[in-house]
Amino acid sequence: MNTLELNKLKKIFSALELPMNEDESINNEALEKAIEYQIRIGVEGFYCMGSSGEALLLSLEERMNALEEVMRVVKGRVPVIAHVGTVRTEDVITLARHAEKAGVNAISMIPPYYYKFSMDEIIRYYEDVINATENIGIIVYNIPQFTGIEFNKNNAGRLLGNPRTIGVKHTSNNLYSLERMKNAYPEMIMFNGFDEQFLGALAMGAEATIGTTVNVFAPLFIKVRDLFCENNIPAARKIQSEINYCVEEMCKVGIFSAVKYVMSKRGIEYGGCRKPFHPLTAEEEARMDAMIDHYDHFLKQL
């Protein structure tokens with residue numbers, strides 16, 4: 001992938017959540033509205049079928065159909081990254097080939113989970129997908145709290161040095177490791193994965209972010225990035241603090257369900273998350289209503 005194509009990915013990405021009907025099928029009409037709404041509020045790209053997209057609760061067919069719908073609606077206006085990871089290599093290859101054919105800008109994968117695979121086996125999993133696709137860039141999804149695997153420049157050097165590996169989605173609190181990977185592989189894009197540490201990740205070498213709360217709070221992330229680039233760190237910290245307040249409140253009720261509730265309050269029928277996630281209680285909805293009022297007031301002051 002050339003420098004121009006890589007630069008297209010140095011953006012604020014929404015880790016896109018999927019609206020669901022009451023029967024837990026994907027609501028494509030609401031999905032189209034959600035994409036249009038998010039582009040209007042400043043989202044610069046979409047990361048599809050990741051943790052926020054409930055990927056591991058979807059069938060392969062649902063994941064492919066949802067990606068096709070995203071691509072149909074986006075129409076090339078912003079970049080799209082498809083997460084294709086799961087535990088079975090052949091399933092990942094199926095999803096990766098489909099995503100490449102659909103025209104995404106890059107694909108991303110969690111490592112194989114549950115079994116305690118060796119690092120050599122994990123890297124071979126990525127290499128199998130690389131060898132089974134044509135020329136699509138690969139973004140390693142580093143999310144150790146869910147997978148039990150923490151990638152770093154030492155244990156994953158063979159993978160990070162592969163010319164098809166273009167970046168790491170670093171959903172880890174270890175910003176030292178992020179900086180060390182960026183230092184060792186300066187051409188690689190480091191995507192921040194924890195919304196609550198966006199400013200810190202920028203300081204340590206991240207050039208993009210992929211976040212759950214970007215679905216609803218994109219203007220704040222754009223402001224943090226702009227202030228950081230202007231070297232106005234005190235002002236950037238103030239905005240980051242607001243992001244962190246919202247993240248803290250949403251995590252108290254379940255981050256994925258919280259985002260869907262906020263989107264529903266914006267007029268898009270998002271429904272709930274798939275079981276075994278539970279719907280919000282009346283008390284939890286009231287907490288979210290208070291947070292929304294706080295955010296809307298804060299946004300008016302910017």
Determine yes or no for a side-chain-to-main-chain donor-acceptor pair under 3.5 angstrom, with [X] supplying the side chain and [Y] the backbone.
X	Y	value
H83	I107	no
Q38	V43	no
R225	A208	no
K182	M188	yes
Q301	H297	yes
Y126	M109	yes
D128	Y125	no
K75	R72	yes
S257	G254	no
N21	E24	no

Please check if any side-chain donor atom of [X] sits under 3.5 Å from a side-chain acceptor atom of [Y], or the reverse.
X	Y	value
N152	S177	no
T213	D195	yes
Y47	S108	yes
E269	S264	no
D120	S118	no
Y114	T147	no
T89	R124	no
E69	N65	no

Salt bridge or not for [X] and [Y], using N-O below 4.0 Å?
X	Y	value
E5	K8	yes
E62	R274	yes
E207	K10	yes
E36	R77	yes

Write down the atom of [X], the atom of [Y], and the distance for their closest heavy-atom approach.
X	Y	answer
A82	L67	CB-CD2, 3.9 Å
F221	I12	CB-CG2, 3.9 Å
I136	R164	O-NE, 2.9 Å
A66	L31	O-CD2, 4.4 Å
P144	T171	CD-O, 3.6 Å
N105	L9	CB-CD2, 3.9 Å

Check your understanding: When you look at S25 and M20, which way does the side chain to side chain contact (heavy atoms under 4.5 Å, CB included) test go after all the steps?
Key -> CA-CA 6 Å; S25 62; M20 300 285 181; over 6 Å; no
Exercise for review: Find out whether the Lys NZ or Arg CZ of K153 is both under 6.0 angstrom from the six-membered ring centre of Y185 and within 45° of the ring's axis.
Suggested key: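 Relative to the ring axis of Y185, which defines the angle, K153 lies outside at least one limit.
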Check your understanding: How far apart are the C-alpha atoms of N244 and Q240, what are their side-chain angles, what is the distance that settles it, and do they pass the side chain to side chain donor-acceptor pair (under 3.5 Å) test?
Key -> CA-CA 6 Å; N244 290 0; Q240 182 68 63; 2.9 Å; yes
Step through the shown structure and confirm whether more than 12 heavy atoms of other residues, nucleotides or ligands are within 6.0 Å of [atom1] on [X].
X	atom1	answer
K265	NZ	no
R180	CZ	yes
E29	CD	no
Q145	CD	yes
K223	NZ	no

Point to revise | E242: side-chain hydrogen bond (donor to acceptor under 3.5 Å, both in side chains) partners, not counting sequence neighbours | key: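 side-chain hydrogen bond (donor to acceptor under 3.5 Å, both in side chains) list for E242, sorted by chain: H294.
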Exercise for review: Please identify each residue that fulfils side-chain hydrogen bond (donor to acceptor under 3.5 Å, both in side chains) with E54, with sequence neighbours left out.
Suggested key: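 Here the qualifying residues are K260.
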How about [X] and [Y]: do any of their side-chain heavy atoms sit closer than 4.5 Å?
X	Y	value
N173	Q197	yes
F217	M250	yes
F151	P111	yes

Exercise for review: Go through the steps to decide whether R97 and E134 satisfy the test salt bridge (Lys or Arg N to Asp or Glu O under 4.0 Å), and finish with yes or no.
Suggested key: CA-CA 8 Å; R97 286 173 169 168; E134 295 293 330; over 6 Å; no
Practice item. Please name all residues satisfying salt bridge (charged side-chain N to carboxylate O under 4.0 Å, His left out) with E17, sequence neighbours left out, ordered by chain then number. Key: none
Practice item. Return the set of residues passing salt bridge (charged side-chain N to carboxylate O under 4.0 Å, His left out) with D296 (not counting sequence neighbours), or none when no residue passes. Key: R266
Exercise for review: Apply side chain to side chain contact (heavy atoms under 4.5 Å, CB included) to the pair I138 and I130, showing each step before the final yes or no.
Suggested key: CA-CA 8 Å; I138 307 294; I130 288 171; 3.6 Å; yes
Point to revise | Among N192, L227, V224, I233, the one residue meeting side chain to side chain contact (heavy atoms under 4.5 Å, CB included) with L202 | key: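 It is V224; the other options fail the test.
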Point to revise | Residue pair E249, R287: steps toward the salt bridge (Lys or Arg N to Asp or Glu O under 4.0 Å) verdict | key: CA-CA 8 Å; E249 289 299 292; R287 178 181 287 275; 2.8 Å; yes
Check your understanding: Rounded to the nearest 0.5 Å, how far does CD1 of I35 lie from SG of C48?
Key -> 7.0 Å
Exercise for review: Using the ring pair (Phe, Tyr, Trp, His ring centres under 6.0 Å) rule, collect all pairs that involve residues 84-113, keeping only residues at least two apart or in two chains.
Suggested key: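 Pairs touching residues 84-113 that pass the test: none.
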Review point. Would a line drawn from the ring center of Y270 to the ring center of Y261 be shorter than 6.0 Å?
Key: no
Point to revise | F191/H170 aromatic ring centres below 6.0 Å | key: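 So the answer is no for these two rings.
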Practice item. Please test L302 against I239 for side chain to side chain contact (heavy atoms under 4.5 Å, CB included), starting from the C-alpha separation and ending with a verdict. Key: CA-CA 9 Å; L302 288 181; I239 307 300; 3.4 Å; yes
Practice item. Would you list the pairs meeting salt bridge (charged side-chain N to carboxylate O under 4.0 Å, His left out) in which at least one residue belongs to residues 100-118, sequence neighbours left out? Key: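 Every candidate salt bridge (charged side-chain N to carboxylate O under 4.0 Å, His left out) pair involving residues 100-118 fails, so no pair, neighbours aside, qualifies.
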Exercise for review: Please report the C-alpha distance between R158 and E127 in whole Å, then the side-chain angles of each, then the deciding distance to 0.1 Å, and finally whether the salt bridge (Lys or Arg N to Asp or Glu O under 4.0 Å) criterion is met.
Suggested key: CA-CA 10 Å; R158 190 173 97 210; E127 290 172 339; 3.0 Å; yes
Exercise for review: Begin from the C-alpha positions of L18 and L58 and carry the test side chain to side chain contact (heavy atoms under 4.5 Å, CB included) through to its verdict.
Suggested key: CA-CA 11 Å; L18 299 178; L58 305 177; 3.7 Å; yes
